[in-house]
Number of protein chains: 2
Amino acid sequence: MNGHGRSGGRPTLEEVAARAGVGRGTVSRVINGSSKVSEQTKAAVEAAVTELGYVPNRAARALAANRNDAIALVIPEPEARFFAEPYFSEVVRGVGAALAETDIQLVLTLAGSDRERRRLAHYLSGHRVDGVLLVSVHAGDPLPELLVELGIPTVISGRRSAAETLPCVDSDNLEGAAEAVRHLLDRGRRTIATITGPLDVYGARCRLDGYRQALAAAGRPVDERLVAVADFTEEGGRRAMRELLERSPALDAVFASSDVMAAGARLELRAAGRRIPHDVALVGFDDSVVARHMDPPLTSVRQPIEEMGRTMARMLLERVSGGRGSATGTGGGPSVVLQNRLVVRESS
Amino acid sequence: MNGHGRSGGRPTLEEVAARAGVGRGTVSRVINGSSKVSEQTKAAVEAAVTELGYVPNRAARALAANRNDAIALVIPEPEARFFAEPYFSEVVRGVGAALAETDIQLVLTLAGSDRERRRLAHYLSGHRVDGVLLVSVHAGDPLPELLVELGIPTVISGRRSAAETLPCVDSDNLEGAAEAVRHLLDRGRRTIATITGPLDVYGARCRLDGYRQALAAAGRPVDERLVAVADFTEEGGRRAMRELLERSPALDAVFASSDVMAAGARLELRAAGRRIPHDVALVGFDDSVVARHMDPPLTSVRQPIEEMGRTMARMLLERVSGGRGSATGTGGGPSVVLQNRLVVRESS
DNA sequence: ACACAGTGTGGGAGCGCTCCCACAGTAGTC
DNA sequence: GACTACTGTGGGAGCGCTCCCACACTGTGT
């Protein structure tokens with residue numbers, strides 16, 4: 001095509017500038033949509049860009065501007081759970097939607113094992129992303145602190161405690177659980193058990209509190225033998241259900257803190273010869289695909305997960321770009337709580 | 001905090017060099033594990049690196065070396081299918097495993113809609129990845145050609161036709177399907193229908209061929225009314241099953257080209273009052289989680305999907321780094337075909 | 001006439017690295 | 001003792017951007 005120098009290579013800013021008959025700075029301004037450029041020059045530059053098929057070199061941009069145009073979605077779970085739990089797919093979708101309009105890349109990071117966690121920490125300390133979305137954080141997790149130390153803007157989903165310092169998006173777990181229990185009471189159930197998530201997850205604890213409060217509000221005593229702690233897995237739900245049946249054979253309803261655990265519970269109930277909902281009513285949490293496909297279809301508390309993902313991403317973007325001007329950094333910020341909704345199906 | 005200059009910043013190569021009392025070049029050599037550096041200097045540099053907590057700046061490296069240390073896994077499917085179809089999770093796992101040892105980042109790209117495809121094409125022409133893994137390519141897809149044009153090393157999974165030009169990893173679809181059908185014949189089934197994937201997917205066509213060949217080999221005529229084309233979705237499988245039942249009410253076995261379609265078929269069979277496997281035997285393909293959790297558990301052809309992912313990644317890495325030395329580029333390369341295995345469960 | 005604030009614009013400096021050329025040192029050869 | 005042939009090493013030159021300062025030019029007010 002052309003003689004010397006570059007030839008095969010992709011066009012650079014400088015070449016676009018030459019073509020448009022302007023300076024490098026001007027092209028950069030046009031590309032970044034910023035400040036004052038006359039309509040005329042702008043048009044000329046844009047023409048040159050299309051003619052040459054110019055695409056900015058991301059590495060150069062990152063180096064010069066000291067940013068990465070990338071954020072990480074960190075999911076501290078093993079791969080298996082990531083795919084098994086539809087929760088994550090919705091988060092990813094929401095985050096993706098919020099990012100679609102921007103030129104920001106999403107880096108998905110699973111870190112289930114300790115080894116992977118270390119790799120991740122190393123990766124993050126390389127400052128290769130401008131911000132981090134942290135999903136499903138357990139209580140003792142050192143990751144959030146690390147991020148604060150590194151000064152990387154972070155938004156987490158699900159506060160770690162009542163006094164969360166990081167900006168955070170949550171659903172109203174307590175009220176959602178309470179609604180589920182009220183629904184069971186309304187249906188005339190008398191002995192309502194619950195299967196909780198791991199209690200070092202704040203959200204799981206809130207759901208348990210919702211269960212307790214709803215019972216208390218209805219003037220029912222809370223029998224601790226009706227509470228079984230599990231771990232959000234199907235197998236855990238199964239084990240918990242077995243325990244519950246042993247301890248309180250007379251139960252006639254179960255509120256599980258996740259659909260997947262409800263699926264486990266269902267298997268165990270069926271094995272024990274209990275019919276759903278005739279003998280035992282079952283309610284889950286998440287309203288995931290699992291819920292709709294269960295037999296019978298599962299009543300479940302629907303979290304606006306996708307919206308949560310979208311909100312998180314938007315909050316993070318604001319901090320990332322806001323942080324450049326103001327000195328906001330990682331500092332504590334607003335928290336958003338979204339409402340849940342009970343979806344009633346045949347299992348209750 | 002500070003007015004100008006570095007101070008707050010992360011350590012640079014130069015600082016490490018100063019600390020170790022060597023030159024920039026030497027540090028670079030140590031970091032990249034390359035060529036001749038005396039043991040002594042090497043140790044000094046490594047000490048400086050740990051003391052300073054040095055982590056290379058990836059953007060600078062990418063800019064200078066003209067590479068990205070990132071490859072893309074492109075999945076031309078909408079998000080919903082990506083999560084619904086366990087196939088992809090296994091691919092991701094395999095690819096992840098192969099990349100775990102390297103310092104190469106995996107960029108996951110879903111491109112279901114046309115709009116997303118265009119974004120992807122634009123992204124790729126920005127040369128932001130060193131190579132591309134292409135999964136589930138349809139016949140008329142322009143993406144592979146684009147990649148060849150851009151000179152980006154590519155490995156695809158599932159050849160597009162018998163005469164695939166790109167390096168490619170495949171499972172033996174034909175033989176897998178044939179084995180499934182032989183198994184049904186062995187069980188004494190006489191009227192075996194099949195639900196295929198979209199026939200512009202070469203692998204789907206191979207499975208259909210396997211079905212035909214197995215029947216032919218057993219001296220059975222192939223009745224075209226026993227073949228229904230679907231699209232790898234549950235709903236598609238359902239529709240296909242309905243068709244089949246209408247056209248050939250006497251069928252006593254179904255081979256579905258994917259587990260998800262088999263799940264759809266099962267719903268429809270059940271709705272029609274056919275018992276599985278008593279009235280109709282059912283076999284799927286993929287041996288995904290769905291298969292194990294179905295009621296009754298589904299006999300299925302197990303593809304070594306994770307291994308396929310691993311193999312693809314390894315092939316790509318070889319081309320990416322090999323391509324730097326030799327002039328290999330994107331050119332045609334070896335293709336690998338892995339064996340499948342029938343997993344027999346209660347549905348047949 | 002002068003100063004003075006605006007608006008566009010060009011281009012230098014520099015981001016942190018890799019590449020590679022030049023050169024010192026050491027060792028082997030005539 | 002001067003030659004070549006290494007092996008390590010230092011550091012210049014860029015990679016393609018963004019940032020920002022300097023410099024036209026235009027106006028407006030005195």
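These values consider heavy atoms only, across backbone and side chains, with no hydrogens, waters or symmetry-generated copies. Everything numeric here is computed off the predicted structure, so don't read it as measured data.
The side chain of B/S38 places an N or O atom within less than 4.0 Å of a non-bridging phosphate oxygen (OP1 or OP2) of D/dT9. A sub-4.0 Å separation between OP1 or OP2 of D/dG10 and a side-chain N or O of B/R24 is absent. Dashed line: the shortest gap from a side-chain N or O of A/T26 to OP1 or OP2 of C/dT9 is not under 4.0 Å. At the phosphate of C/dC15, neither OP1 nor OP2 sits under 4.0 Å from any side-chain N or O atom of B/T12.
For B/E77, the salt bridge (Lys or Arg N to Asp or Glu O under 4.0 Å) criterion is met by B/R81, not counting sequence neighbours. Remark: B/R118 pairs with no residue by the salt bridge (Lys or Arg N to Asp or Glu O under 4.0 Å) rule, at least two apart or across chains. Considering only residues two or more places apart in sequence or on other chains, B/E306 meets the side chain to side chain contact (heavy atoms under 4.5 Å, CB included) condition with B/E90, B/R93, B/R310. With sequence neighbours left out, the side chain to side chain contact (heavy atoms under 4.5 Å, CB included) criterion links A/T311 to A/V169, A/E307, A/M315, A/V336, A/L338. Contacts of B/E164 classified as salt bridge (Lys or Arg N to Asp or Glu O under 4.0 Å), with partners at least two apart in sequence or in another chain: B/R160. Partners of B/E51 by side chain to side chain contact (heavy atoms under 4.5 Å, CB included), not counting sequence neighbours, listed by chain and number: B/R19, B/A47. A search for salt bridge (Lys or Arg N to Asp or Glu O under 4.0 Å) contacts involving B/R61 returns nothing, not counting sequence neighbours.
End-to-end axis angle of the helix from C/dA1-D/dT30 to C/dA27-D/dT4, using five pairs per end and rounding to 10°, comes to 60°.
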Protein N or O to nucleotides 20-24 of chain D N or O, pairs below 3.5 Å:
none

